[in-house]
Enquirer: 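Here it is, the structure in full.
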Amino acid sequence: LDALHGSDLFVQSQQRPVVVAQVWAHLRVQARRTAAFAVNTSRDEKLWPEDHWMKLGCALAKEGISPVLYWGGAKEEARCRRIAAGIPGAAVAPKARLRDVAAGLAQAQLMIGVDTGLTHLAAAMGIPSVGIFVATPTATLRLIGDGPAESLGGIKQIPSVEDILAAAHRVMATETN
C-alpha cells in the first residue's frame, strides 16, 4: 500500500470520489432518490419510444424519484435532452469517463435502460435494474447481477410503460427487504 501511495493510480483513485461528488452536485440530486436512465443503444431497433420514457419519468417523478439520463455521443445527448425536457426534475448527466459514470450509477436507487452496456453494468453492480428489450430475446440475453433485476420485452415486443413501472417497483421493493 505504501508503494501505491505516491503513484498515479493512488492519486486517481483518491480523486474519483471528488469527481463523482461534483457530478452529483452539478445535477443537484444529492438529497433526492434517483433513477438512472439508459435510453440509448448502438442500434435504433433496440430503442424504446421517447414518449414512453417521458411517461415513465413523469410517473417516477410523482413518486419523488428523479431520473438522470446518461449518454455517450452527440446524437445520444440530444435524445436525452429531448426526453429530460418532458420530465419534471430530470437531469442529463454530463459526459464522463466510464469509471465515473459507474460511480454515478452506484448512487442511483434504480436503473432502467434498454439493452445496452450501462444497463448491464448497473445490474452487474447490484443496482436494482429493469431492462427493456425490444429487439433481443430475453431468454438468452437478460440482465444478470448481484441485485434484483428484471428483463422485459423481447424480439418485436415493446413493453408498456405500466409494465416497466411495475417491474421498477418490484426490484426496488426486493432491494429494501
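Just so you know, residue 1 is the first one in the sequence shown, and it goes up from there. Both backbone and side-chain heavy atoms feed into the values below; hydrogens, waters and symmetry mates do not.
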Enquirer: Are W71 and V92 close enough that some pair of their side-chain heavy atoms sits under 4.5 Å apart?
Expert: yes

Enquirer: Got a second to check how far R82's CZ is from D51's CG, nearest 0.5 Å?
Expert: 12.0 Å

Enquirer: First locate atom NZ of K95, then atom CZ of R97, and finally report the distance between them rounded to the nearest 0.5 Å.
Expert: 12.0 Å

Enquirer: Give me the atom names and distance for the closest heavy-atom approach of S66 to G89.
Expert: CB-O, 3.8 Å

Enquirer: Main chain of F133, side chain of K46: is a donor-acceptor contact present, judged purely on distance under 3.5 Å?
Expert: no

Enquirer: Check A59 against L165 and note the closest heavy-atom contact, atom names and distance.
Expert: CB-CD2, 3.8 Å

Enquirer: According to side-chain contact (heavy atoms from CB on, under 4.5 Å), who are the partners of S160, at least two apart in sequence or on a separate chain?
Expert: E162, D163

Enquirer: Would you say the side chain of I132 lies within less than 4.5 Å of the side chain of L152, judging by non-hydrogen atoms?
Expert: no

Enquirer: Is there a continuous path of hydrophobic side-chain contacts, each under 4.5 Å between heavy atoms, that joins V130 to L141?
Expert: no

Enquirer: Under the side-chain contact (heavy atoms from CB on, under 4.5 Å) test, which residues partner I158, sequence neighbours left out?
Expert: W48, P49, H52, V134

Enquirer: Answer yes or no: does atom CZ of R142 have more than 12 heavy-atom neighbours from other residues, nucleotides or ligands under 6.0 Å?
Expert: no

Enquirer: If you compare all heavy atoms of A106 against all heavy atoms of M125, which two are closest, and at what distance to 0.1 Å?
Expert: CB-CE, 3.8 Å

Enquirer: I144, L118: one ILVMFWY side-chain cluster at the under-4.5 Å cut-off?
Expert: no

Enquirer: Salt bridge (charged side-chain N to carboxylate O under 4.0 Å, His left out) with R79: which residues, sequence neighbours excluded?
Expert: E50

Enquirer: Sort and list the pairs that fulfil side chain to side chain donor-acceptor pair (under 3.5 Å) and have at least one residue in residues 144-158, not counting sequence neighbours.
Expert: E150-R170

Enquirer: Find out if a path of hydrophobic residues (ILVMFWY) with successive side-chain heavy-atom gaps under 4.5 Å connects Y70 to I127.
Expert: yes

Enquirer: Please find the pair of heavy atoms, one from A93 and one from V68, that lie closest to each other, and give the distance.
Expert: CB-CG1, 4.0 Å

Enquirer: Check whether I83 and L47 end up in the same hydrophobic cluster, where Ile, Leu, Val, Met, Phe, Trp and Tyr are linked by side-chain heavy atoms less than 4.5 Å apart.
Expert: no

Enquirer: Which residue pairs satisfy the salt bridge (charged side-chain N to carboxylate O under 4.0 Å, His left out) criterion with at least one member in residues 57-77, sequence neighbours excluded?
Expert: D44-K75, E77-R81

Enquirer: Is the shortest side-chain heavy-atom distance between V114 and N40 below 4.5 Å?
Expert: no

Enquirer: State, to 0.1 Å, how close G131 and L143 come at their nearest heavy-atom pair, and which atoms those are.
Expert: N-CD1, 3.2 Å

Enquirer: Please tell me if the side chains of L121 and L105 come closer than 4.5 Å, counting only heavy atoms from C-beta onward.
Expert: yes

Enquirer: Looking only at non-hydrogen atoms, find the nearest pair between C58 and G86 and report the distance.
Expert: SG-O, 3.2 Å

Enquirer: Using the salt bridge (charged side-chain N to carboxylate O under 4.0 Å, His left out) rule, collect all pairs that involve residues 124-135, keeping only residues at least two apart or in two chains.
Expert: none

Enquirer: Only pairs at least two apart or in different chains count here, so list each side chain to side chain donor-acceptor pair (under 3.5 Å) that has a residue in residues 117-136.
Expert: D115-H120, D115-T136

Enquirer: Any heavy-atom pair between the side chains of T116 and V39 that's under 4.5 Å?
Expert: no

Enquirer: So, do I87 and L60 sit near enough that their side-chain heavy atoms are less than 4.5 Å apart?
Expert: no

